[in-house]
Amino acid sequence: MGGGASLDAGRPADVLAARPRGGGRPLRGAARLCGTACRWRRRGRRRPRPDHCRGRRALASRTHERAGSPHPAAGGLRVRPPGGHPVARGHQRGARAGPHLQRRRCRALHQRRAGCRPPPPSTRMTTTQESDQILQRRANLEELRKLGVPVYPHRFDPQAAAADLVQAHGDKGADVLEAAQITTRTAGRVLAIRGFGKANFLVLSDGRSRIQVYIREDSLSPRDFRIYKLLDFGDWIGVEGRLFRTKTNELTIWASQIEFLAKCLLPLPEKWHGLTDIETRYRQRYLDLIVNPDVRRVFEIRSRVVAAVREFLTRRGFLEVETPMMQSIPGGALARPFVTHHNALDIPLYMRVAPELYLKRLTVGGIERVFEINRNFRNEGMSAQHNPEFTMLEFYWAYADYLDLMGLTEELLGDVARQAAGAEVVPYGDHTVSLTPPFRRVSLREAVRAAASARLNRVVDPGELRSRDRAAGLASELDVAVTPAMGAGAVTMKLFEHLCEGDLVQPTFVYDFPTEVSPLSKQKADDPETVERFELYVAGFELANAFSELNDPAEQQRRFEEQLRQRAGGDDEAHAMDEDYVRALEYGMPPAAGEGIGIDRLIMLLTNSHSIRDVILFPLMRPK
RNA sequence: GACCGGGUAGCUCAGUGGUAGAGCAGCGCACUUUUAAUGCGCGGGCCGCGGGUUCGAUCCCCGCCCUGGUCACCA
């Protein structure tokens with residue numbers, strides 16, 4: 001790496017790669033209520049207290065240390081109080097009872113004076129309130145600067161990542177490495193420092209793998225050894241050196257040069273327990289990624305899943321497209337949209353709840369096989385299975401019907417599981433889920449009928465689900481609440497969710513849904529109350545929703561009008577009228593089948609994750 | 001929305017109506033193959049926020065905020 005010679009400026013900045021992510025959700029045709037939003041909370045770092053408030057606290061050595069700048073000459077870099085000795089701990093404790101009271105009084109005084117205004121928002125770079133550890137790290141950074149080390153260099157040129165080294169040389173023995181004299185250059189974050197005076201070890205992480213670095217004073221230039229001495233847990237460095245194995249057989253780089261790459265100014269979570277606080281893991285995902293290696297694996301699988309889906313569909317002639325995510329008429333699902341506003345046009349816009357109607361317009365346009373993988377947004381509640389933005393695959397296949405989709409879905413899921421997770425059979429909680437075809441198939445009404453029969457210990461007649469009154473009677477027998485506005489179909493759906501959904505662990509196609517709850521699906525030729533639609537359940541949740549597409553414009557018009565009636569009746573999740581969509585159907589849409597698959601839920605299944613937040617890098621959190 | 005649990009040092013967690021604890025991390029010293037290194041010494045806390053009760057609250061009471069879970073709502 002040749003000292004600073006390898007560092008050179010003027011490289012183009014990294015381009016941020018767009019990456020699909022998002023949540024699962026009841027797919028097309030389901031919805032959830034939203035909770036209240038928009039609360040704010042006063043939050044901020046303490047502002048420095050004026051002198052009249054400091055009281056005896058100001059006399060404590062600790063305050064002294066905090067207020068003063070670190071003393072670099074002391075070797076230890078810690079500033080001692082004027083007497084030269086740290087104040088004994090017991091001393092401080094003794095002094096504490098007073099300040100305690102004083103703090104409270106002080107606060108009250110402040111609030112009176114300031115008219116109870118909350119303190120100003122946090123200013124992150126203040127030093128007076130920061131912990132010793134942060135001051136220490138800053139001091140170490142300044143020391144590096146004084147040595148003339150570029151502390152934020154522009155680039156480094158690693159020959160291999162830690163993961164590459166482990167993969168390439170992980171199986172080579174000590175003698176092989178000794179004979180080969182392999183010199184390498186790598187970079188990463190320092191995740192452990194074990195010093196022995198003259199023999200020292202670092203653990204370097206590239207985010208995937210870790211490799212040990214051996215530091216000896218007599219193998220490094222004085223400058224580089226000084227850099228080592230000033231390293232903190234979490235710093236980024238580059239190293240060059242020879243590969244060998246230690247006495248304990250650990251693959252290690254014997255460092256001949258060190259380059260400092262970036263400072264970690266804040267202390268990291270500890271090495272052993274890591275970061276377990278779930279809230280912090282989601283809010284500060286970067287920390288989670290640094291210290292919890294399994295997190296990286298989840299998102300690597302996520303990336304492979306999306307790539308495998310793309311590859312599978314592309315290989316079968318499906319064209320990937322991108323349709324609007326901001327729509328003037330939100331459609332394609334029964335769900336509440338997020339509303340926004342376009343200033344120049346002065347119109348309301350809605351974040352899409354589904355791409356469905358646009359993709360079907362494309363089939364009208366002659367794109368016979370089309371798909372999209374991207375985010376949907378639903379302004380509804382959040383849960384372990386629901387994030388307000390989530391990623392969905394939708395695809396449409398001309399000339400096919402929902403039975404064809406079942407076959408394709410079996411192939412797709414098996415293929416993706418093999419490629420992304422390495423197997424068709426995956427563990428999920430206490431279960432083992434097999435994605436090997438064929439999947440079980442059961443009609444919705446039969447599933448409900450059987451479950452209700454078992455629950456009630458009597459034979460439930462299929463006809464009971466066809467009549468609104470009898471279905472409602474069954475619901476009340478089973479203690480399932482229904483509303484007067486719900487028809488027989490809606491009641492059946494509700495019964496299904498209560499009686500069956502959670503028990504469907506192995507992949508199961510539940511097919512033939514009531515027309516009432518399926519405004520975009522095609523009816524069965526011999527049964528207008530029923531549509532050719534299925535949902536795929538795995539591990540107790542809905543993974544896919546698919547149907548033969550309704551392409552009769554007159555029938556579509558009638559369905560929209562029925563939805564409008566429901567909307568007028570207070571259902572703000574009912575589907576909006578989309579006249580252009582009906583017009584598109586009037587130009588003629590080929591017979592087609594379409595399907596939506598919740599990518600986040602698929603990732604959950606393949607990574608054995610039980611919260612959607614574990615498969616979304618930055619799940620929505622209430623601002624703190 | 002209801003109920004249950006959590007919020008204490010940078011992290012992981014104990015704990016108590018009477019001066020706040022441990023392990024790791026940090027600082028100092030020692031140590032030439034460690035790997036949760038070790039040993040000795042040291043520093044670090046608005047005990048989530050605001051009220052109340054009390055001589056005294058981190059602890060008890062009330063309210064609020066954030067959060068995990070269960071249920072409900074929704075479909």
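Throughout, a chain's letter reflects where its sequence line sits, starting with A, and its residues are numbered from 1.
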From [options], nucleotide with atom closest to [X] side chain:
| X | options | value |
| --- | --- | --- |
| Lys271(A) | A75(B), C11(B), C24(B) | C24(B) |
| Lys247(A) | U34(B), C11(B), U32(B) | U34(B) |
| Arg283(A) | U12(B), U34(B), C66(B) | C66(B) |
| Leu275(A) | C27(B), U12(B), U34(B) | U12(B) |
| Arg622(A) | U67(B), U33(B), A25(B) | U67(B) |
| Gln136(A) | U34(B), C27(B), C11(B) | C27(B) |
| Glu270(A) | A75(B), U67(B), C11(B) | C11(B) |
| His498(A) | A72(B), G23(B), G68(B) | A72(B) |
| Thr276(A) | C73(B), G68(B), U12(B) | U12(B) |
| Thr483(A) | A75(B), C74(B), C27(B) | C74(B) |

Base, sugar-phosphate alone, or nothing: which one does [X] contact when heavy atoms must sit under 4.0 Å apart?
| X | answer |
| --- | --- |
| Phe496(A) | nothing |
| Gly195(A) | base |
| Arg216(A) | base |
| Arg281(A) | nothing |
| Asp277(A) | sugar-phosphate |

Report the distance from atom [atom1] of [X] to atom [atom2] of [N], rounded to the nearest whole Å.
| X | N | atom1 | atom2 | result |
| --- | --- | --- | --- | --- |
| Leu444(A) | A75(B) | CG | P | 16 Å |
| Arg138(A) | G26(B) | CZ | P | 18 Å |
| Met486(A) | C74(B) | CE | C1' | 10 Å |
| Glu497(A) | C71(B) | CD | C1' | 16 Å |
| Glu279(A) | U12(B) | CD | P | 11 Å |
| Gln212(A) | A37(B) | CD | P | 10 Å |
| Glu250(A) | A37(B) | CD | P | 12 Å |
| Met382(A) | C66(B) | CE | C1' | 13 Å |

Salt bridge present between [X] and [Y] (N-O < 4.0 angstrom):
| X | Y | value |
| --- | --- | --- |
| Arg138(A) | Glu142(A) | no |
| Asp235(A) | Arg189(A) | no |
| Arg378(A) | Glu389(A) | no |
| Lys494(A) | Glu497(A) | no |

| said: Can you confirm whether or not the ring centre of Phe618(A) sits under 6.0 Å from the ring centre of Tyr286(A)? | reply: no
For [N] and [M], measure between their [atom1] atoms and round to the nearest Å.
| N | M | atom1 | result |
| --- | --- | --- | --- |
| G39(B) | U34(B) | P | 16 Å |
| C29(B) | G43(B) | C1' | 15 Å |
| U54(B) | G18(B) | C1' | 12 Å |
| G50(B) | G1(B) | P | 24 Å |
| G21(B) | C71(B) | C1' | 38 Å |
| G51(B) | U58(B) | P | 12 Å |
| C61(B) | G69(B) | C1' | 26 Å |
| U16(B) | C60(B) | C1' | 13 Å |

| query | Can Arg533(A) be said to sit on top of Phe513(A)'s aromatic six-ring, NZ or CZ under 6.0 Å from centre and within 45° of the ring axis? | reply | yes
| said: So, does Arg194(A) get its side chain near the phosphate of U38(B), meaning an N or O under 4.0 Å from OP1 or OP2? | reply: no
| query | Could one point to a donor on the side chain of Gln133(A) or the base of G44(B) with an acceptor on the other under 3.5 Å away? | reply | no
| task | Determine the interplanar angle of the Phe244(A) and Tyr214(A) rings, folded into 0 to 90°, and report it as parallel if under 30°, tilted if 30 to 60°, perpendicular if over 60°. | result | tilted
| request: Identify whether a stacking contact exists between Phe201(A) and U34(B), where the ring centres must be under 5.5 Å apart and the planes under 30° apart. | output: yes
| message | Tell me if a side-chain donor or acceptor on Arg242(A) pairs with a main-chain N or O of Thr183(A) at a distance below 3.5 Å. | response | no
| request: Output yes when a side-chain donor or acceptor of His575(A) lies under 3.5 Å from a complementary backbone atom of Gly332(A), and no otherwise. | output: yes
| said: On RNA chain B, does the nearest nucleotide to Thr252(A) precede the nearest nucleotide to Pro269(A) from the 5' side, or the other way round? Give the residue. | reply: Pro269(A)
| request: Could you say whether Ala481(A) or Ser611(A) is positioned toward the 5' end of RNA chain B, judged by the nucleotide with the nearest heavy atom to each? | output: Ser611(A)
| message | What's the separation between atom CG in Leu268(A) and atom CG in Leu275(A), rounded to the nearest 0.5 Å? | response | 10.0 Å
| request: Hunt down any stem RNA chain B takes part in, defined as 3 or more consecutive Watson-Crick or G-U pairs whose two distances are each under 3.5 Å. | output: B:1-7 with B:65-71, B:10-13 with B:21-24, B:26-30 with B:38-42, B:48-52 with B:60-64
